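Okay, so here's the structure we're looking at.
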Amino acid sequence: MIDQKLLRSAPQDVASNLERRNFAFDAQAYASLEELRKSLQVDVETLRAERNASAKQIGKAKAQGEDIAPLLASVEKLGVKLEGADASLQKLQEQLRELELGLPNLLHEDVPAGSDESDNEEVLRWGEPHQFDFKPADHVELGARLGLLDFDSAAKISGSRFAVMHGPLARLHRALIQFMLDTHTDEHGYQEVYVPYIVKTEALIGTGQLPKFEDDQFKTNDDPPFYLIPTAEVPVTNLARERIIEAASMPTKYVAHTPCFRSEAGSHGRDTRGMIRQHQFEKVELVQLVEPSASDHALEELTGHAETILQRLNLPYRKVILCSGDVGFGSHKTYDLEVWLPGQQAYREISSCSNYGDFQARRMQARWRNPDTGKPELLHTLNGSGLAAGRALIAVMENYQQEDGSVDVPQVLRSYMGGVERIAVA
RNA sequence: GGAGAGGUGGCUGAGUGGUCGAAAGCGCUCCCCUGCUAAGGGAGUAAGGGUUAAAAGCCCUUCGAGGGUUCGAAUCCCUCCCUCUCCGCCA
């Protein structure tokens, strides 16, 4: 959510910032709603103050044994008037809140202008795409040749966009996750957390997936409904919900491994082949809760932590800064890490690292106590994949493939693989 | 799933219809005292919102959530959620 004070005091500034996203914020309409809200609220509060005062008076009179009948008569109509005014105020406030929940975050000044992903700007490239002296296969073919990646069974059990992994491939997948968790906890100072995979509406509103992206979520039939998490960002960031974190425990850095569930509505026909885009995948997620002045730097640091994983795996990647037309709804600034996939001869997203500023914090009332003011203030939230495990597995398979279809195990994963150095075709 | 007890400020915990946003304690902040340390004394200390250029002040809201009764609800009634204890069941 955007600061209401800013929306009121500088609606034009907000509008022009959001225009960079191609989002049209009707400042005029907002201002007139706001004005209505203000006068209604003053009315309601005046009525309430009146009521409170007379209630107090009645109490006093009664205590002194006086006749309260005339006093009662004088407040008779107050209740009805208040009820009516309050009802319209509440309706209006709901309307305003809905509008505010639908506004995307303001963009950081660093975010380059652009309309879609083709306008994202490359920040750096790391590593050289390996030159194969044969035509590199993609992970689907490699998985088939190994006999360890099975989409047919998955389709029978669950439908499209699911996969079954067998034996050493399943273990390699797990090894990647273990390696990432260990690196982030042992070397990067993150605290590992285990969190629920099913959450309620409020949690998703807090991180910004709701109300706008309902269609992307898997939802249960319960009343009220539950949702399967689309990313660990949701339960982990919500750890700060309605809390005031002491300055001494800032920054708070969490890492969690969870499955992620996405219904991928609207993406029909995109990446239908293979394991790139699934309804269910594993991810190691980094989340930081920081004081506002530290969030710019924290984004660089967090992105670096994700990059470390790619570097240790010796996977060529590039880092791009998302342009104004491609940044996510709630993000203030985002870097994507794209890993080189020889099977596609392309860089593909494997991590997305974002600074949300106070956008999520405001939605979930996540605060810290500023030692300078002694007051609770909104903190800043960041998150990033470190990394998406399914895609990391694809990247390892394709980059470490041999001509005979076997796949070498990256050096850093061998200890997690019981010393296995190569997954060979049976 | 059954029975019972609870949900109050950063924390512990009192409060059963009015002067209660709420005793007391802990914690925290500031001051005093003590040549260090330990201890002691005093004052302050919830959040959100409105009004304001801003502040002060004033006002509104909030005692798990939502409804209801009442001139007036932390307190009475209803529904729901959550926590704890015991039993059952289960991984």
Side-chain angles (χ1 to χ4, degrees), chain A residues 1-11 13 30-31 33-97 99-101 194-206 220-227 235 238-250 252 289 291 358 361-379:
Chain A
M1 244 179 341
I2 296 175
D3 185 6
Q4 282 101 335
K5 285 200 178 107
L6 192 69
L7 286 172
R8 279 172 223 161
S9 62
D13 292 355
Y30 183 81
L33 268 182
E34 245 307 295
E35 206 173 315
L36 204 59
R37 188 226 93 229
K38 188 185 280 193
S39 69
L40 250 177
Q41 182 164 346
V42 171
D43 287 353
V44 168
E45 288 188 359
T46 309
L47 282 172
R48 244 201 288 261
E50 241 174 87
R51 185 204 61 189
N52 290 350
S54 30
K56 218 170 246 185
Q57 226 181 329
I58 291 169
K60 227 178 256 173
K62 212 174 164 189
Q64 288 167 5
E66 293 168 16
D67 179 21
I68 59 168
L71 285 168
L72 284 180
S74 74
V75 294
E76 207 186 333
K77 285 181 190 136
L78 233 142
V80 187
K81 242 165 104 183
L82 210 170
E83 219 167 288
D86 195 35
S88 17
L89 176 65
Q90 272 182 32
K91 213 168 135 193
L92 188 60
Q93 269 170 335
E94 246 164 68
Q95 211 177 329
L96 270 166
R97 179 171 164 77
L99 202 156
E100 285 161 4
L101 284 175
Y194 173 84
V195 291
Y197 302 158
I198 300 175
V199 299
K200 40 188 188 178
T201 308
E202 291 73 41
L204 283 155
I205 289 176
T220 72
N221 266 328
D222 302 81
D223 182 28
F226 290 103
Y227 295 86
N238 271 282
L239 287 172
R241 165 177 219 95
E242 285 157 41
R243 290 214 313 150
I244 300 167
I245 296 175
E246 293 305 324
S249 19
M250 300 274 279
T252 297
L289 311 171
E291 51 188 89
D358 61 14
R362 185 170 292 107
R363 287 171 166 245
M364 52 192 191
Q365 282 304 302
R367 294 170 297 173
W368 72 300
R369 196 173 292 280
N370 184 342
D372 293 337
T373 60
K375 293 279 172 197
E377 294 173 11
L378 294 174
L379 47 78

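These numbers come from a predicted model, not from an experiment. A, B, ... follow the sequence lines: proteins, then strands. Residue 1 opens every chain.
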Completion exercise
Picking from B:C71, B:G49, B:G10, the nucleotide nearest the side-chain atoms of A:Leu72 would be B:C71
Handout entry: Side chain of A:Arg37 (C-beta onward), nearest among B:G50, B:C71, B:C59
Key = B:G50
Fill in the blank from the handout: Against the side chain of A:Ala49, the closest entry in B:C60, B:G48, B:C71 is B:C60
Practice task
Using whole Å, report how far CZ of A:Arg363 lies from C1' of B:G48.
Solution key: 18 Å
Problem - Euclidean distance, atom CZ of residue A:Arg48 to atom C1' of B:G49 [Å, nearest integer] - result: 11 Å
Handout entry: Gap in Å between the two P atoms, one belonging to B:G2 and one to B:A74, rounded
Key = 32 Å
Handout entry: Given B:G10, B:C71, B:G50, the nucleotide with the shortest approach to the side chain of A:Gln41
Key = B:G50
Problem - Side-chain donor/acceptor of A:Lys62 to base of B:G18, under 3.5 Å - result: yes
Exercise for the section: Compare the minimum distances between each of B:A47, B:C59, B:G18 and the side chain of A:Arg367, then state the nucleotide with the smallest one. Expected result: B:A47
Fill in the blank from the handout: Closest to the side chain of A:Lys38, out of B:U51, B:C71, B:G50, is B:U51
Fill in the blank from the handout: Regarding the side chain of A:Asn52, the nearest nucleotide among B:C60, B:G18, B:A47 is B:C60
Handout entry: Rounded distance (Å) that lies between atom C1' of B:G66 and atom CD of A:Glu202
Key = 13 Å
Fill in the blank from the handout: With the side chain defined as heavy atoms from C-beta on, A:Arg51 is closest, among B:U61, B:C60, B:A47, to B:U61
Exercise for the section: Decide if atom CD of A:Gln4 counts as having more than 12 heavy atoms of other residues, nucleotides or ligands within a radius under 6.0 Å. Expected result: yes
